[in-house]
K.L.:
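The structure is given below, and queries will be raised subsequently.
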Amino acid sequence: MSEEKRLAGSELEEAALFYHREPRPGKLEIRATKLLGNQRDLALAYSPGVAAPCLAIAANPEKAADYTARQNLVAVVSNGTAVLGLGNIGPLASKPVMEGKAVLFKKFAGIDVFDIEIDATTVERVVDVVSALEPTFGGINLEDIKAPECFEVEAQLRAKMNIPVFHDDQHGTAIIVAAAVSNAMELAGKPLDSIKVVASGAGAAALACLNLLVSLGVRRDNITVCDIEGVVYKGREVLMDRWKSVYAQDTDARHLGEVIEGADVFLGLSAAGVLKPEMVQRMGSAPLILALANPNPEITPEEAAAARPDAIICTGRSDYPNQVNNVLCFPYIFRGALDVGATTINEEMKLAAVRAIAQLAKEEPAEIAARAYGGSHVTFGPRYLIPSPFDNRLILRIAPAVARAAMETGVARRPIADFEAYHDTLSRFVFRSGLVMKPVIAAAKEAQRRIVYADGEDERVLRAAQVVLEDGLGTPILIGRPQVIEARCLRYGLKILPGNDFDVINPDDDPRYKDYVELYLDRAGRKGVTPDAARNTVRTNPTVIAALAVQRGDADAMLAGLEGRFIRHVEHIRDIIGTAPGVNNLFALSLLISNRGPLFFTDTYVTPDPTPDELAAMTMLAAEEIRRFGITPRAALLSASNFGSREGVSGAKLRAALAILREKAPELEVDGEMHGDAALSLMDRAKVMPKSTLKSEANLLVFPNLDAANITLSVLKIATDSLHVGPILLGGAKSAHVITPSVTSRGIVNMSAFSLASSV
């Protein structure tokens, strides 16, 4: 390993340790879902009230799904014998991985998880421990248990337990691989029962992949397996077991290179570099290469494409197309299984997931999915064989398909009666979670634009810039003194360095200084800016420098605002970048993401007392930005007056704004003026205005003045422990935004993604 890579790895390790340690150790916590605010609450939650649900469950065990969290609770269980690429590190050392898996369950499917690390190495001991947990959980996710013991553990637990048991290392990978093979062979025009498959690797994941391919229609005698001992052949005795022996072939071949001739599919779950370019050249027409070893695949996509331009290539990496990633399926498979009270996850349910994933890749992207891919027209083909993990429709396709399969095969204890209502419930979850940022992040990755940070020496900006680079969101440009930025990167343990990983605009010495001064005079010279003032400002004001960089085309987006008054930063942007065509003012939109879902507020930072025209303009601009998140805007114009219940300035102003919106944006779902509770509750609104044109809960709250908007935003942010994204500056001619001094580095990353996505 080179010294550079070793140091980079060390810096990443330090960052990971800090991430897991601060602000509190670990990645999980347990929170109450019921109020415990008084003596009556206590009496209901515990003694004596708790006796009622206990007796109900004792009389009918199915009632546990109604009165406890069991049916949404999964155990992620490991004995630490095969942890990622770390090997047998033991149960305690595996805990960070299991906590991470728990976070994915919660984030992607709303499933609660207890991670359980057990000190048990024999099949019998693991089975005894896990099977005893059945009364606690609705499902068991086995993780990182070494082969071949994992096969026997899962088989025995499935036989003993009456809840789903799923070894994701096997079946998660298998489901994505099967979807990829199905679609690739369709593109190549090859029936599954005629294709030749060669596998490199015979561990849990590889064998599960092959088993599922056989269920799809691939013939077992057309599959050849290789492992570290070479070809798995009949009569071989070294490193054999009953699961691997199923694929033993009657052949004299002993090495991968001898069996690759004419192969239609190469399945690699082994080690880097085992598939050579000359082997790829000998494969069949339009071969599918699944090079899934991580972090380095069996062959790089570049090498494979050079050897065979007609090859279709999948890896396990996120920096290449066609990523085979378990997160595409396991949260949603459990979601569907839990929602029907499935007693198992059977072959039909897995195949239903395969078909749902394969079909989603072939669908014409809906509006929300198009945004998830950066607005590009993504179509089914060699570079888009399986959906992206960013596709919000995954849960909407996989969970219902799995649930239906469970019902059709008789393993569902609580069948779903109304799938349309179920789909609506899943849709609500997508936008209740942090998944709301996914389309924006994906759009930023697709755009690959440049973002300039005015406060380039700030620790939060430096940490955010590293994330932007690591996640491939775009290219950072930092304003600041290079020596200060470099020293602080080293001090904070960051692996990025100026001039190497990102560019710097040095206010003290930049070759573009004269050009920036001339541009500033051109843009602001008739607003009281003299040549001397321009020269001084371009040396000392980073927000001005950032705005000039964007206006000049040296950057595509900007963030400023960590120091100084918010409105002064806005004024600089207005003077230099200006407003978009047809827009006369700038406004601010803020997003709060809470357990309730995303809620947008405007105008939270710029306009003190907007006119009806300005209220209408900010509403239309806000609606346009909300659509960027893949969300249909529904606007409520808020006032102390509820549909004319009292006279006052704000009510009249909002009624006038509504009339303008009806004329200029007739497609927008909007109503007002109304109270805040009427905006967020369809039931409350129906009591006072049954014929409201706002047909569901509002997600855009438009306030009559800045005080009301800003106070409401700041109170709700703390009271609901919400994630704040913004402020998002509306109406600018280019992507320029002003953040607030209280923002965190994560907040800067979110706003960076939005700024980059909106720069297109």
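All values derive from a computational prediction rather than experimental measurement.
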K.L.:
Considering all heavy atoms of both residues, which atom of A102 and which atom of V113 are nearest to each other, and what is their separation?
P.N.:
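Between these two residues, the closest heavy atoms are CB-CG1, 3.3 Å.
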K.L.:
Are the side chains of I195 and V181 in touch, meaning some heavy atoms are under 4.5 Å apart?
P.N.:
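In short, these two side chains touch, coming nearer than 4.5 Å.
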K.L.:
For E14 and Y19, which I'm curious about, is there any donor-acceptor pair between the side chains at under 3.5 Å?
P.N.:
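Note: E14 and Y19 side chains miss the donor-acceptor criterion.
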K.L.:
Would you call V749 and L473 a side-chain contact if the rule is heavy atoms closer than 4.5 Å?
P.N.:
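SC-SC contact between V749 and L473 confirmed.
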K.L.:
List the atom of A753, the atom of I441, and the distance in Å for their closest heavy-atom pair.
P.N.:
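Where A753 meets I441 most closely, the heavy atoms are CB-CG1, 4.1 Å.
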K.L.:
Does the pair T81 and E149 meet the rule for a side-chain contact (heavy atoms from CB on, under 4.5 Å), with working shown?
P.N.:
CA-CA 10 Å; T81 53; E149 289 88 340; over 6 Å; no
K.L.:
When rounded to the nearest 0.5 angstrom, what is the spacing between CD1 in I140 and CE in M161?
P.N.:
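Reported value, rounded in 0.5 Å steps: 4.5 Å.
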K.L.:
So, for I395 and A109, which heavy atoms are closest and what is the spacing to 0.1 Å?
P.N.:
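Distance-wise, the nearest heavy atoms are CD1-CA, 4.2 Å.
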K.L.:
Could you name each residue pair satisfying side-chain hydrogen bond (donor to acceptor under 3.5 Å, both in side chains) that touches residues 194-207, not counting sequence neighbours?
P.N.:
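side-chain hydrogen bond (donor to acceptor under 3.5 Å, both in side chains) check on residues 194-207 returns S200-S270.
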K.L.:
Can C329 and I357 be said to form a side-chain contact (heavy atoms from CB on, under 4.5 Å), step by step?
P.N.:
CA-CA 8 Å; C329 70; I357 293 166; 3.9 Å; yes
K.L.:
What pair of heavy atoms forms the shortest contact from V77 to I145, and how long is it?
P.N.:
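V77 and I145 have their closest heavy atoms at O-CD1, 4.4 Å.
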K.L.:
Scan residues 305-316 for pairs that pass side-chain hydrogen bond (donor to acceptor under 3.5 Å, both in side chains), counting only residues two or more places apart or in two chains.
P.N.:
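Checked against side-chain hydrogen bond (donor to acceptor under 3.5 Å, both in side chains) - neighbours excluded - the pairs reaching residues 305-316 are R308-D310.
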K.L.:
Ignoring hydrogens and geometry, is there a side-chain-to-backbone donor-acceptor pair from E154 to F151 under 3.5 Å?
P.N.:
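Between the backbone of F151 and the side chain of E154 there is no qualifying donor-acceptor contact (under 3.5 Å).
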K.L.:
Is there side-chain contact between F266 and L290, with at least one heavy-atom pair below 4.5 Å?
P.N.:
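A side-chain contact under 4.5 Å is absent here.
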K.L.:
Under a 3.5 Å distance rule, please check whether D227 uses its side chain to pair with a backbone N or O of A202 as donor and acceptor.
P.N.:
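Not a single qualifying donor-acceptor pair exists.
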K.L.:
Could you walk me through whether K445 and D471 pass the salt bridge (charged side-chain N to carboxylate O under 4.0 Å, His left out) check?
P.N.:
CA-CA 8 Å; K445 288 184 176 182; D471 290 357; over 6 Å; no
K.L.:
Spell out, as yes or no, whether a donor-acceptor pair under 3.5 Å connects the side chain of K106 to the backbone of K101.
P.N.:
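No, the answer is negative, given that no donor and acceptor are paired below the 3.5 Å cut-off.
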K.L.:
Would you please say whether a donor-acceptor pair under 3.5 Å links the side chains of Y247 and D221?
P.N.:
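Side chains of Y247 and D221: no pair found under 3.5 Å.
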K.L.:
Would you say CG of N162 has more than 12 non-hydrogen atoms from neighbouring residues, nucleotides or ligands within 6.0 angstrom?
P.N.:
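Yes, because the 6.0 Å sphere around CG of N162 holds more than 12 heavy atoms from other groups.
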K.L.:
First locate atom CG of L157, then atom CD of E134, and finally report the distance between them rounded to the nearest 0.5 Å.
P.N.:
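L157 atom CG to E134 atom CD measures 10.0 Å (nearest 0.5 Å).
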K.L.:
In sequence, state the C-alpha distance, the side-chain angles, and the governing distance for D112 and V74, and then conclude on side-chain contact (heavy atoms from CB on, under 4.5 Å).
P.N.:
CA-CA 6 Å; D112 296 315; V74 166; over 6 Å; no
K.L.:
Is there a donor-acceptor contact under 3.5 Å linking the side chains of E143 and N141?
P.N.:
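Yes, because at least one side-chain N or O of E143 sits under 3.5 Å from a partner of the opposite role on N141.
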K.L.:
Does some side-chain heavy atom of V123 sit less than 4.5 Å from a side-chain heavy atom of Q156?
P.N.:
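Yes, close enough: below the 4.5 Å cut-off.
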K.L.:
Working to the nearest 0.5 Å, report the span between CG of N326 and CD1 of I176.
P.N.:
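Interatomic distance, N326 CG to I176 CD1, rounded to 0.5 Å: 6.5 Å.
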K.L.:
If every non-hydrogen atom of A263 is compared with every non-hydrogen atom of P287, which pair is closest and at what distance?
P.N.:
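Reported closest heavy-atom pair: O-CB, 4.2 Å.
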K.L.:
Tell me whether E298 contacts the main-chain N or O of A293 through its side chain, where contact means a donor paired with an acceptor under 3.5 Å.
P.N.:
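Judged by distance alone, yes, a pair lies under 3.5 Å.
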K.L.:
Kindly determine whether C209 and T173 satisfy side-chain contact (heavy atoms from CB on, under 4.5 Å), including the steps that lead there.
P.N.:
CA-CA 7 Å; C209 289; T173 302; 3.9 Å; yes
K.L.:
Rounded to the nearest 0.5 Å, what separates atom CG in L133 from atom CD1 in I116?
P.N.:
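So the gap between those two atoms works out to 5.0 Å.
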K.L.:
How far apart are the closest heavy atoms of L192 and M185, and which atoms are they?
P.N.:
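Nearest heavy atoms, L192 then M185: CD2-CG, 3.9 Å.
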K.L.:
Sub-3.5 Å donor-acceptor pair from the side chain of R158 to the main-chain atoms of I345, do we have one?
P.N.:
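Indeed, once roles are kept as given, a pair shorter than 3.5 Å links the two residues.
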K.L.:
Could you tell me whether E303 and K276 have a side-chain N and a carboxylate O separated by less than 4.0 Å?
P.N.:
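Looking at E303 and K276, the cut-off is not met.
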K.L.:
Does G472 offer a backbone N or O that forms a donor-acceptor pair with the side chain of Q448 under 3.5 Å?
P.N.:
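Such a contact is found between Q448 side chain and G472 backbone.
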K.L.:
According to side-chain hydrogen bond (donor to acceptor under 3.5 Å, both in side chains), does anything in residues 334-347 pair up with another residue at least two apart or in another chain? List the pairs.
P.N.:
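Every side-chain hydrogen bond (donor to acceptor under 3.5 Å, both in side chains) pair that includes a residue of residues 334-347, provided the two are not neighbours, is N72-R335, S215-E347, R335-D339, D339-Y422, N346-T409, E347-K350.
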K.L.:
With sequence neighbours excluded, tell me which residues meet ring pair (Phe, Tyr, Trp, His ring centres under 6.0 Å) with Y233.
P.N.:
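Y233 satisfies ring pair (Phe, Tyr, Trp, His ring centres under 6.0 Å) with no other residue.
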K.L.:
Who passes side-chain contact (heavy atoms from CB on, under 4.5 Å) against N222, sequence neighbours left out?
P.N.:
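Per chain and number, N222 pairs via side-chain contact (heavy atoms from CB on, under 4.5 Å) with R219.
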K.L.:
Test: ring pair (Phe, Tyr, Trp, His ring centres under 6.0 Å). Region: residues 161-197. Which pairs qualify, not counting sequence neighbours?
P.N.:
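Sorted pair list: F166-H171, F166-F334.
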K.L.:
To the closest 0.5 Å, what do you measure between CG (L360) and CZ (F380)?
P.N.:
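Separation between the atoms: 11.5 Å.
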K.L.:
Does a side-chain heavy-atom distance below 4.5 Å link V76 with F105?
P.N.:
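The answer is yes; the side chains approach within 4.5 Å.
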K.L.:
Thinking salt bridges, do R242 and E152 make one under a 4.0 Å N-O criterion?
P.N.:
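Yes.
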K.L.:
Could you check whether F108 and F330 have their ring centres less than 6.0 Å apart?
P.N.:
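Ring-ring flag for F330/F108: false, centres at least 6.0 Å apart.
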K.L.:
Has the side chain of D241 got a donor or acceptor atom that lies under 3.5 Å from a matching backbone atom of K244?
P.N.:
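Judged by distance alone, yes, a pair lies under 3.5 Å.
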K.L.:
Between CZ of F114 and CG of L73, what distance do you get to the nearest 0.5 Å?
P.N.:
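CG of L73 is found 5.0 Å from CZ of F114.
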K.L.:
State, yes or no, whether a side-chain contact exists between I312 and L385 at a heavy-atom distance under 4.5 Å.
P.N.:
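They are in contact (side-chain heavy atoms under 4.5 Å apart), so the answer is yes.
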K.L.:
Got I223 and V218 here, is their nearest side-chain heavy-atom distance under 4.5 Å?
P.N.:
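The answer is yes, as the side chains (C-beta and beyond) meet within the 4.5 Å cut-off.
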K.L.:
Is the shortest heavy-atom distance from the side chain of V280 to the side chain of I299 under 4.5 Å?
P.N.:
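The answer is yes; the side chains approach within 4.5 Å.
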K.L.:
Backbone N or O of D144 within a donor-acceptor pair of the D169 side chain at under 3.5 Å?
P.N.:
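Confirmed, D169 side chain pairs with D144 backbone.
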K.L.:
Taking A405's backbone N and O only, do any of them form a donor-acceptor pair with E348's side chain (distance below 3.5 Å, no angle check)?
P.N.:
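Looks like no, no N/O pair under 3.5 Å.
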K.L.:
Quick one: does E117's side chain have a donor or acceptor within less than 3.5 Å of a partner on S94's backbone?
P.N.:
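Not confirmed, E117 side chain does not pair with S94 backbone.
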